[in-house]
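Have a look at the structure below, then the notes.
So you know, we letter chains A, B, ... as the sequences are listed, proteins then strands, and number each from 1. What you see is a predicted model, and the numbers here were worked out from it, not measured in a lab.
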2 protein chains.
Amino acid sequence: MNSRSEALPPNERTLTLRDERKLRTRQALLDAALTLMGQGRSLAGISLREVAREAGVVPTAFYRHFRDMDGLGLALVDDVCLTLRKLMREARVAAQGARDVAIQTSVQGFVGYVLANDRAFEFLTRERFGGRPAVRQAIAREIRYFVAELANDVRVVPPFAAMPSDDLEMIADLVVHTVLNLSADLLELPSGQRVREHELTARTIKQLRLIFLGAAQWRSDRGAVPLGPI
Amino acid sequence: MNSRSEALPPNERTLTLRDERKLRTRQALLDAALTLMGQGRSLAGISLREVAREAGVVPTAFYRHFRDMDGLGLALVDDVCLTLRKLMREARVAAQGARDVAIQTSVQGFVGYVLANDRAFEFLTRERFGGRPAVRQAIAREIRYFVAELANDVRVVPPFAAMPSDDLEMIADLVVHTVLNLSADLLELPSGQRVREHELTARTIKQLRLIFLGAAQWRSDRGAVPLGPI
DNA sequence: CTTCTGAGTGCACGCATGTACACTCATGTA
DNA sequence: TACATGAGTGTACATGCGTGCACTCAGAAG
């Protein structure tokens, strides 16, 4: 398998022509599913046959790539999140260059990114709670990953340095979910509602400023939560 | 229609026996849908026939109550949110009696409420983003209602008095979504995970404390968000 | 050049679904 | 008491579904 190893650019030529075509069909199926989820449909409401039809392939060919629609869903999470991580990493590197990445700049960048990749975010938003358990868990894991990474990133900046890891994660969690909330609201807009879009963005920016204001005042020892009646 | 008006307890006897039975069947259908949504299924993955079967009624009887599954979904939102509003109002009245409702007490009360009404909250969580557009919009409206009501409620307490309405709503929005986030996380637990349950609750309590800490420092004029490139 | 592999095809099947229609018969109305 | 209503029934049908199986025939392997 996977030969044709004539020492060419290895990213291109570790794959045979056949495998390349297979990957293309696979991508067509993933794409088809994403397309069909436009107009507010969820994976649960899309049939295997529909996906195959949209991808221009006979229904039984589906099985060469995925066990069933659940498998397609999981692959979609992987596929979408891989791209997402990569781009987030790039954004992070760019941010290290320009010190003092203001909240506003970051959020506006994020908004642009969400709107540019609306199909991916629509999928994640829709299936995050509405999807089958396996898909939900996969998305939850990705979000936990982002939270942990954000917690690590802000560990070096003033108010967060020397803060207990627990509290850092708690704040990162709050930030991530506030931003995800913005993303969900944006996707609900009928597209092209620039004014409302800006209102939502402004609201989120304020919310993040408020959170950082709170973080600056935060003292872990005052925030302890007693067990109460378990 | 709706006679038998022999001046009895009007809550009971403005309905004929027939209408009463019809209502009972209707409720059975709503209940059946809620039941079938256990184990992580969404409305989109449940058939009209299944609901009828679970309710102990022939499929075509469904149409006497709802136009289709979308109609059932909308009715479910109304039904569930009506109960919810009523109980929230009671909680609010109770809170007015005991001044200084600590964050901790409120959140723990909310957690108990979510776990006691898990089917209702599971439905709302699942369909909030994952549902058909009409259902999503109905739920979004209910959430906006809660946000507005919370904003009104806290208007009288120290840090929030004399704060612009915009900022108040922005904070209420942050609080409500933080709490909804807790609710979603709780429902994802396999039930009976009391330790993890307490961890999640503690995290949310901390997040709310941090938010109120930020709110105490908040100055509207410093939080203005310039338009930027529209 | 020959042989083998496996991605995509075409057909067939049984099954569940949404909904139309004509029905029954308990209950409300007069 | 006699009639009208309408909630729930039972039958029927076309449609779309998931999936099994035998197939073709590029293209990889030797």
- Are B:His177 and B:Asn181 close enough that a side-chain donor and a side-chain acceptor fall under 3.5 Å? no
- Write down the distance between OH (A:Tyr63) and P (C:dC11), rounded to a whole number of angstrom. 18 Å
- Message: To the closest 0.5 Å, what do you measure between CG (B:Asp185) and OG1 (B:Thr204)?
- Response: 7.5 Å
- Rounded distance (Å) that lies between atom C1' of C:dT19 and atom CG of B:Asp68: 12 Å
- Message: Quick check: any donor-acceptor pair below 3.5 Å linking the side-chain of A:Arg64 to the base of C:dG6?
- Response: no
- Query: Touch check for B:Thr25, heavy atoms < 4.0 angstrom, all strands: base, sugar-phosphate only, or nothing?
  - Reply: sugar-phosphate
- Task: Could you check how far NZ of A:Lys22 sits from P of C:dG6, rounded to whole Å?
- Result: 9 Å
- Name the nucleic acid region contacted by B:Val58, choosing base, sugar-phosphate or nothing; use a 4.0 angstrom heavy-atom cut-off, strictly under. base
- note: A:Glu20, atom CD; C:dA7, atom C1'; distance rounded to Å ~ 15 Å
- Task: Answer yes or no: does a side-chain N or O of A:Ser47 lie under 4.0 Å from OP1 or OP2 of D:dC17?
- Result: yes
- Tell me: CZ of A:Arg49 to P of C:dC15, nearest whole Å? 16 Å
- Any N or O donor-acceptor pair linking the side chain of B:Thr60 to the base of D:dG8 at under 3.5 Å? no
- Task: Show your working on side chain to side chain donor-acceptor pair (under 3.5 Å) between A:Arg155 and A:Ser165 and close with a plain yes or no.
- Result: CA-CA 9 Å; A:Arg155 184 165 261 126; A:Ser165 282; 2.7 Å; yes
- Message: Taking the six-membered ring of B:Tyr145 as reference, does the cationic atom of B:Arg85 (NZ for Lys, CZ for Arg) lie under 6.0 Å from its centre and within 45° of its axis?
- Response: yes
- Task: Take atom CG of A:Leu36 and atom C1' of D:dC17, then tell me their distance rounded to the nearest Å.
- Result: 15 Å
- Message: Nearest whole Å is fine: how far is D:dA29 P from A:Asp19 CG?
- Response: 9 Å
- Query: Hey, does the side-chain of B:Arg18 have a donor or acceptor N/O within less than 3.5 Å of a partner on the base of D:dA7?
  - Reply: no
- Message: Can you tell me how far apart NE2 (B:His65) and OG1 (B:Thr25) are? Round to the nearest 0.5 Å.
- Response: 5.0 Å
- d(CD1, A:Ile46; P, D:dG16) in whole Å: 17 Å
- Closest to the B:Arg53 side chain: D:dT9, D:dG27, C:dT17? C:dT17
